[in-house]
There are 4 protein chains.
Amino acid sequence: MGEMTDRAGGRPAGPTEETAGRVLKAAFELLATEGSAALTPVRLHQETGVARTTIYRHWPTPRHLLLAILGPATKRHEIDDLVGEIGADLRTAVGTLTTRFETRPVRTFFDGLRVHDGNGEKPSLSEQYIEGLIAPVRAVIAAAVERGELHGEADRLVLEICGPLLAEFLLLGRRVKSAEVEQAITDFLDRHQLGGST
Amino acid sequence: MGEMTDRAGGRPAGPTEETAGRVLKAAFELLATEGSAALTPVRLHQETGVARTTIYRHWPTPRHLLLAILGPATKRHEIDDLVGEIGADLRTAVGTLTTRFETRPVRTFFDGLRVHDGNGEKPSLSEQYIEGLIAPVRAVIAAAVERGELHGEADRLVLEICGPLLAEFLLLGRRVKSAEVEQAITDFLDRHQLGGST
Amino acid sequence: MGEMTDRAGGRPAGPTEETAGRVLKAAFELLATEGSAALTPVRLHQETGVARTTIYRHWPTPRHLLLAILGPATKRHEIDDLVGEIGADLRTAVGTLTTRFETRPVRTFFDGLRVHDGNGEKPSLSEQYIEGLIAPVRAVIAAAVERGELHGEADRLVLEICGPLLAEFLLLGRRVKSAEVEQAITDFLDRHQLGGST
Amino acid sequence: MGEMTDRAGGRPAGPTEETAGRVLKAAFELLATEGSAALTPVRLHQETGVARTTIYRHWPTPRHLLLAILGPATKRHEIDDLVGEIGADLRTAVGTLTTRFETRPVRTFFDGLRVHDGNGEKPSLSEQYIEGLIAPVRAVIAAAVERGELHGEADRLVLEICGPLLAEFLLLGRRVKSAEVEQAITDFLDRHQLGGST
DNA sequence: ATTTAACCGAGACGGTACGTCCCGTCTTTAC
DNA sequence: GTAAAGACGGGACGTACCGTCTCGGTTAAAT
């Protein structure tokens with residue numbers, strides 16, 4: 001009875017594609033539009049029609065859900081049209097960041113993740129998310145350092161350029177004006193003697 | 001005879017000093033040590049012995065509690081030992097900021113406020129808190145601009161110096177090393193030609 | 001200080017006439033129209049404007065209120081136009097009873113009293129009220145027994161005539177038709193050989 | 001694929017037998033011994049261990065509970081040993097009534113139902129209960145009318161015999177002595193010329 | 001006229017129960 | 001084995017009254 005067969009036949013484990021798709025899509029929507037408080041099994045059930053039980057089965061905690069939506073949500077913001085010129089690439093990379101501020105529910109998302117960061121469990125979801133946000137900039141900076149055009153720790157340089165922007169938007173809730181961004185990049189290039197031609 | 005006079009006698013409104021004291025103290029403790037999830041009427045009742053109903057009476061929502069805590073909690077971080085020299089004052093001001101990172105539950109507090117920022121209700125508690133954190137720096141910068149030693153918008157300058165620190169600590173969860181801070185200030189002074197002698 | 005002086009000076013105890021009047025009037029109204037559940041200090045306060053505290057001071061429990069309104073409410077239904085002729089008098093007395101069924105909130109009142117009958121405390125309010133309702137009939141019967149026109153226990157005779165009416169109205173919630181009443185009285189007179197001429 | 005089928009699988013609705021049994025039994029006990037005021041979800045939870053929420057789930061209001069109790073509580077008082085002789089049968093039927101007065105918490109039960117009769121909602125619980133109490137007598141009377149032994153409306157005849165008893169017991173709170181009952185039945189039979197041999 | 005006891009209103013406070021919501025686990029049934 | 005439907009115990013929510021209390025201001029006798 002209940003023999004531990006060596007995995008013989010039967011249906012594959014894990015949620016149906018159908019189910020997973022519906023649930024995760026709804027989860028993303030909910031998180032983006034209503035914040036993390038809305039990201040509950042009950043709510044998801046109401047939105048998707050998928051049974052509460054089923055949701056618990058596959059994503060026992062909100063954290064599982066968040067992890068499942070975080071990958072897709074962050075992954076796709078790679079930049080492939082880098083030209084190898086620090087000024088231009090930096091403008092592109094920072095541009096993707098500030099554009100996301102405008103077009104995506106970054107703050108809501110950030111808050112949602114923050115709430116479920118858990119208690120010291122690593123990796124912290126929100127930090128991972130922020131890292132994802134600044135990843136393009138980091139890539140550009142790292143490349144420049146590699147080429148010997150920039151000197152110093154990449155980490156510090158990334159924050160030098162992104163820190164004010166993130167703080168302004170995420171912490172102080174202000175819109176980030178593009179003129180400001182442009183100025184900041186120009187200043188950055190200047191002070192690192194990279195003659196930033198627009 | 002015996003007409004209903006406009007306001008005859010009666011006990012003064014508002015919570016007893018005793019009650020308010022106990023509750024707010026406990027609220028602060030809870031928020032600082034266990035985060036905003038712990039800041040509930042039930043929990044406060046357990047901690048203080050004050051009846052749940054009483055808490056609802058005077059602080060109908062967590063927001064009321066937070067507002068009552070926030071004033072005292074932020075007010076006291078004024079700086080009075082400014083010497084008028086931009087380099088020294090900036091080091092002092094930024095020092096208070098990073099010191100608070102180390103010694104106070106800034107992140108927990110920030111998260112707590114964030115959760116209860118409410119839905120667009122202004123002023124946003126968390127933003128108000130951040131403003132409080134950087135207030136000393138802003139004061140120094142504003143004074144320097146006033147004296148004509150610095151040029152540009154105070155807001156931008158404040159973020160130029162604090163942005164990376166806030167981002168590093170609050171968003172990425174990294175400790176801010178004092179050497180870094182020192183370097184950042186020196187750089188800042190340099191590039192604004194303020195020859196920052198240590 | 002605070003000696004137990006032998007009643008020296010001071011305002012007389014008990015509620016002001018004004019206060020008592022307003023409260024008891026409202027209490028009666030409430031009981032009659034909304035039932036005993038509405039007979040609460042809060043409700044009375046809302047109706048009268050008299051402070052909750054004041055109500056508690058003078059009528060610590062609903063029972064006190066009920067006792068205070070019961071007297072006046074029942075007392076006034078004495079009959080003074082008895083002619084000494086059993087048939088006529090009985091018709092008058094039973095008439096007052098059934099008329100009250102129609103014109104007064106007897107059932108609501110009865111229910112209200114019933115709820116607050118308390119736990120065996122005597123006198124039972126509701127029973128007292130019922131006694132009050134049938135008092136006129138009892139008076140007539142008692143007089144007839146006195147005169148030797150009727151034989152047997154008054155109690156039993158009263159119930160013989162009133163029991164069906166009370167049961168029909170109070171227990172079964174049916175309207176009592178006057179034809180029925182007339183028939184019942186006629187039958188009663190018949191079987192006790194009192195030749196009831198209308 | 002995976003469309004929301006109309007009704008696919010799932011546990012049957014309604015409370016478990018176990019749960020329903022425990023709750024309703026306790027409800028009956030409470031009503032009988034402590035009156036309707038004790039018939040609360042909290043109290044039931046304490047008595048049965050069944051969670052408060054569960055009780056709300058299946059019996060949203062006290063009325064639901066009472067309705068669930070009332071059926072079983074009234075149903076079982078049918079009489080099956082009628083012999084077809086009006087005198088004997090009447091004694092049996094009235095006997096069951098007065099016996100219930102003595103052995104069952106009729107008054108408490110009645111009061112409890114009365115409180116929750118609701119606001120005009122039919123059927124009135126208490127009236128239904130009273131009807132149940134007198135049902136045996138009604139059956140006997142109806143049969144006699146059917147056989148042509150009695151003349152008149154059954155309703156009126158039933159009240160003629162039961163009214164005084166109900167009023168005495170339920171309204172005036174007096175014990176009903178069996179001698180009285182016997183006398184009443186004899187009189188009744190007499191005046192309807194049914195020569196009631198004991 | 002001054003005491004002095006009582007009235008009365010306003011409100012704090014602890015407490016109990018309410019009815020609701022969601023949680024997370026479980027059991028039963030269907031596919 | 002996935003999925004659905006739902007029971008169930010549990011915890012917190014926010015509300016409504018409860019009954020007691022403290023606090024102020026007023027009023028009406030009795031001295």
Side-chain angles (χ1 to χ4, degrees), chain A residues 9-16 18-19 37 40-43 45-46 49-58 60-62, chain B residues 1-20 37 40-43 45 49-58 60-62, chain C residues 2-3 5-16 18-20 40-43 45 49-58 60-62, chain D residues 2 4-20 37 40-43 45 49-58 60-61:
Chain A
R11 185 167 172 169
T16 296
E18 156 84 6
T19 304
T40 69
V42 183
R43 205 71 171 63
H45 163 60
Q46 289 166 347
V50 171
R52 217 157 52 84
T53 336
T54 304
I55 295 167
Y56 277 112
R57 217 191 315 277
H58 300 299
T61 74
Chain B
M1 55 186 72
E3 281 310 289
M4 199 65 44
T5 66
D6 193 34
R7 175 65 170 80
R11 181 171 181 165
T16 296
E17 244 182 76
E18 156 86 5
T19 302
T40 69
V42 183
R43 204 74 170 61
H45 163 59
V50 171
R52 210 156 58 83
T53 24
T54 300
I55 294 168
Y56 278 111
R57 227 187 309 272
H58 300 298
T61 74
Chain C
E3 286 307 293
T5 65
D6 195 31
R7 190 70 185 87
R11 182 174 176 163
T16 297
E18 156 86 5
T19 302
T40 69
V42 183
R43 204 72 171 62
H45 162 60
V50 171
R52 215 158 53 85
T53 334
T54 303
I55 295 166
Y56 277 111
R57 226 187 310 272
H58 300 299
T61 75
Chain D
M4 199 65 44
T5 65
D6 194 34
R7 175 66 170 79
R11 182 171 177 166
T16 295
E17 245 182 75
E18 156 85 6
T19 303
T40 70
V42 184
R43 205 72 172 63
H45 162 59
V50 170
R52 212 157 56 83
T53 21
T54 300
I55 295 168
Y56 278 111
R57 228 187 307 271
H58 301 298
T61 74

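This one's a predicted model, so the numbers in the text were calculated from it and none came from an experiment. Naming: A, B, ... by sequence-line order, numbering from 1 per chain.
Donor-acceptor pairing under 3.5 Å, judged by distance alone, is present between the side chain of B/Arg52 and the base of F/dG14. For B/Thr53 against F/dA16, no side-chain N or O and base N or O form a donor-acceptor pair under 3.5 Å.
Residues meeting the side-chain contact (heavy atoms from CB on, under 4.5 Å) test with B/Glu18, sequence neighbours left out: B/Thr16, B/Arg22.
Between B/Pro41 and D/Glu18, the residue anchored nearer the 5' end of DNA chain F, judged by the nucleotide with its closest heavy atom, is D/Glu18. Nearest-nucleotide mapping onto DNA chain F: of D/Ala20 and B/Arg43, the residue sitting toward the 5' end is D/Ala20.
Heavy atoms of A/His45 sit nowhere under 4.0 angstrom from any nucleic acid atom. Within 4.0 Å of A/Thr40, counting heavy atoms only, lie sugar-phosphate atoms of the nucleic acid but no base atom. D/Pro60 comes within contact range of no nucleotide atom at all, as no heavy-atom separation falls under 4.0 Å.
For D/Thr19 and F/dC8, the shortest distance from a side-chain N or O to OP1 or OP2 is below 4.0 Å. OP1 or OP2 of F/dT2 has not a single side-chain nitrogen or oxygen of A/His58 nearer than 4.0 Å.
Residue B/Pro15 places its side chain closer to E/dC13 than to any other of E/dC8, E/dC13, F/dG9. With E/dG14, F/dA29, E/dC8 as the candidates, the nucleotide lying closest to the side chain of B/Ala51 is E/dG14. Distances were taken from every side-chain heavy atom of D/Arg57 (C-beta onward) to each of E/dC13, F/dC8, E/dG9; the shortest belongs to F/dC8.
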